[in-house]
Amino acid sequence: MAPIKRPYLKLDRIGKIFERRGVRSEVLRDIDLAIEKGEFVSIIGHSGCGKSTMLNLVAGLTQATTGGVLLENHEVNSPGPERAVVFQNHSLLPWLSVYDNVRLAVDKVFSGKKSRAQRHDWTLHNLELVQMTHAKDKRPSEISGGMKQRVGIARALAMEPKVLLLDEPFGALDALTRAHLQDSLMDIHRTLGNTVIMITHDVDEAVLLSDRIVMMTNGPAATIGELLDVGLPRPRRRLELVSDPTYVAAREAVLKFLYERHAYVEAA
Amino acid sequence: MTYAMKSVETDVAESARPALSLALGAVGRGIRSGLLWLAAKALPPLVTLALILLVWQILCAKPGATLPPPSQIWRDSYDLITQPFFNFGTQDIGLGWRVLVSLETVAYGFGFATIAGILLGALIGQSEWAMRGLDPIFQVLRTVPPLAWLPIALAAFRDSRPSAIFVIFITAIWPILINTAVGIRNIPQDYRNVAAVLRLNPIEFFLKVMLPSAAPYIFTGLRIGIGLAWLAIVAAEMLTGGVGIGFFIWDAWNSSRLSDIIVALAYIGLVGFALDRLVAAVGGLVARGAQAS
């Protein structure tokens, strides 16, 4: 019995103000969030609510104006491989093959810790995890969007991150490919037990994948409007869930939040 | 860069295999279409060339013409045209040798310009403050005509060869530098984010992200640079002497060998064309790897 349990990842009263040419815009205000190890958390909200900014703060790609991010009680102030990001547009380096894209990350993170042969095996292992071994010698331009995203996930997983950050990873994919990748991601999460933060604006995706859903209010000065625990047992099966009352209720709660209480106001 | 080159080679090897079997299967058709292609490509310039020579012949064959007609050039400079690589002593050598001497100078100057141009271009492309500090100075310096640097270079180096190399360097560096800077500034933020998450150090970032990403821009700069360098070397050699093709023209002018000058002009033009195509071809190979997907 630990008397005071510290969270694995903590977003501590984060505020973010962008200032460009004297124009101040407050994007985030008072974001407080604690995430446990192995938890899958989705962040959902309308466009422009600062979801990506929040993820970038955890990634260390931007700095908070007030407050801070703590990972295992260490403050995050620069990007690093222990908080690997899967970018929305895959961001594979087009001049490298699929294998070399992952290998670049493996070489960088495990230089000195693994031998050449081990790094090679680890690269292949991660490509296998996302079922992309068959295309390892192809260039990103020669594979489909879904495959690129798989490779992006493999690259992030290969870094053995403490937290896996997914920035609308399936946003640009068609519905079938998306469902397929969601299933892959669930499998990987079950096997590896990663701590995951995922940004999405797809309600079904959020409910299906997450342990908890963070619902953001609209910007400017967006903050966490509501937290929803998705009490669905794992493993989850897409088809069985459609009529599951817990699933339906969770889905309804998120939809109500997004479209009733915090309906998106189109900037006139 | 090395990765890009490697996979380009495999691409070529893969695409060559089916092409080969196809060609073996239909050799006759292949040869015919090849000839057609050659005719379509080579015939128009050859016809134009013949017309130009004809008009030139007619205009300059009249008595009192100031320039020699092609037929006279052929007679006067027969050995220069047909034997590029004879060697009868220091100033009595074939134009092929002279071109090689000039090319060597260009290679040094252009080589230094490539290294310095890419490094400085990366610096001002990457750093806002370096750009603010250096860009105005570069913008002024790059408008100075190449030959205006020659007296300064001669005074500084007290020798003609390093001065010529310096003139080539200072001529070729600006397009390389400016294009590299633009290429670096256009590196997508995504690649920078990837590099940041991976914690690539500056050298790794330069080699693994900057160079391949900016390669198409860099090669545009290199192509402009090699053209300017070849323009400048001829002029520089006219003033500095030596055995290059530029000095040959000056020497021929002083001995009133007009035919020789015209032959030399043809050499210079063809070599310049070849250099341009060479850099463009290398650039094409490298840039294929940097295509955004």
Side-chain angles (χ1 to χ4, degrees), chain A residues 52 55-56 58-63 76-111 136-145 147-149 151-152 155-156 158-159 161 163-165 167 172, chain B residues 1-18 118 128 132 180 183-184 186-219 282-293:
Chain A
S52 285
L55 197 85
N56 283 342
V58 180
L61 290 167
T62 39
Q63 303 300 315
V76 165
N77 43 27
S78 68
E82 80 275 4
R83 283 161 281 114
V85 188
V86 176
F87 297 95
Q88 181 176 11
N89 54 355
H90 66 80
S91 296
L92 300 176
L93 301 179
W95 51 88
L96 297 181
S97 70
V98 162
Y99 173 87
D100 285 329
N101 263 291
V102 180
R103 182 65 190 263
L104 178 68
V106 172
D107 279 348
K108 191 58 199 162
V109 177
F110 295 105
S111 64
K136 69 184 171 64
D137 296 321
K138 292 222 167 98
R139 296 283 191 78
S141 55
E142 296 165 333
I143 59 179
S144 71
M147 290 183 178
K148 282 179 217 169
Q149 211 48 274
V151 179
R155 176 173 64 185
M159 301 177 205
V163 184
L164 183 62
L165 303 171
D167 187 359
Chain B
M1 204 88 107
T2 50
Y3 287 109
M5 296 294 286
K6 191 182 71 192
S7 30
V8 164
E9 273 165 27
T10 54
D11 283 353
V12 169
E14 273 164 18
S15 59
R17 239 175 280 125
I118 290 177
E128 182 71 32
R132 283 188 207 171
T180 304
I184 301 287
N186 281 331
I187 294 177
Q189 187 58 39
D190 302 326
Y191 301 168
R192 293 181 185 278
N193 286 346
V194 169
V197 169
L198 287 176
R199 291 215 180 111
L200 296 184
N201 64 40
I203 293 168
E204 288 168 329
F205 182 64
F206 178 72
L207 292 175
K208 293 187 172 162
V209 177
M210 271 185 170
L211 278 186
S213 180
Y217 292 89
I218 295 175
F219 272 91
V282 176
L285 280 180
V286 174
R288 265 176 51 176
Q291 273 167 9
S293 42

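With a 4.5 Å cut-off on non-hydrogen atoms, A/R83 touches chain B through its backbone and its side chain both. Looking at A/A105, the atoms closer than 4.5 Å to chain B (heavy atoms on both sides) sit in the backbone and in the side chain alike. With a 4.5 Å cut-off on non-hydrogen atoms, A/E82 touches chain B through its side chain but not through its backbone.
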Residues B/L211, B/I118; criterion side-chain contact (heavy atoms from CB on, under 4.5 Å); working and verdict: CA-CA 9 Å; B/L211 278 186; B/I118 290 177; 3.8 Å; yes
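Among the candidates A/N56, A/I143, A/N89, A/V85, the residue making the largest number of heavy-atom pairs closer than 4.5 Å to chain B is A/N89. Heavy-atom pairs under 4.5 Å with chain A peak, among B/L200, B/V194, B/N201, B/V209, at B/V194.
Applying the side-chain hydrogen bond (donor to acceptor under 3.5 Å, both in side chains) rule to B/N193 yields the partners B/Q189; only residues at least two apart in sequence or on another chain are considered. Remark: A/K136 pairs with no residue by the salt bridge (Lys or Arg N to Asp or Glu O under 4.0 Å) rule, at least two apart or across chains.
Formation of a donor-acceptor pair under 3.5 Å by the B/R199 side chain with backbone atoms of A/P79 is found in this model. A donor-acceptor pair under 3.5 Å is absent between the side-chain atoms of A/W95 and the main chain of B/V286, judged by distance alone.
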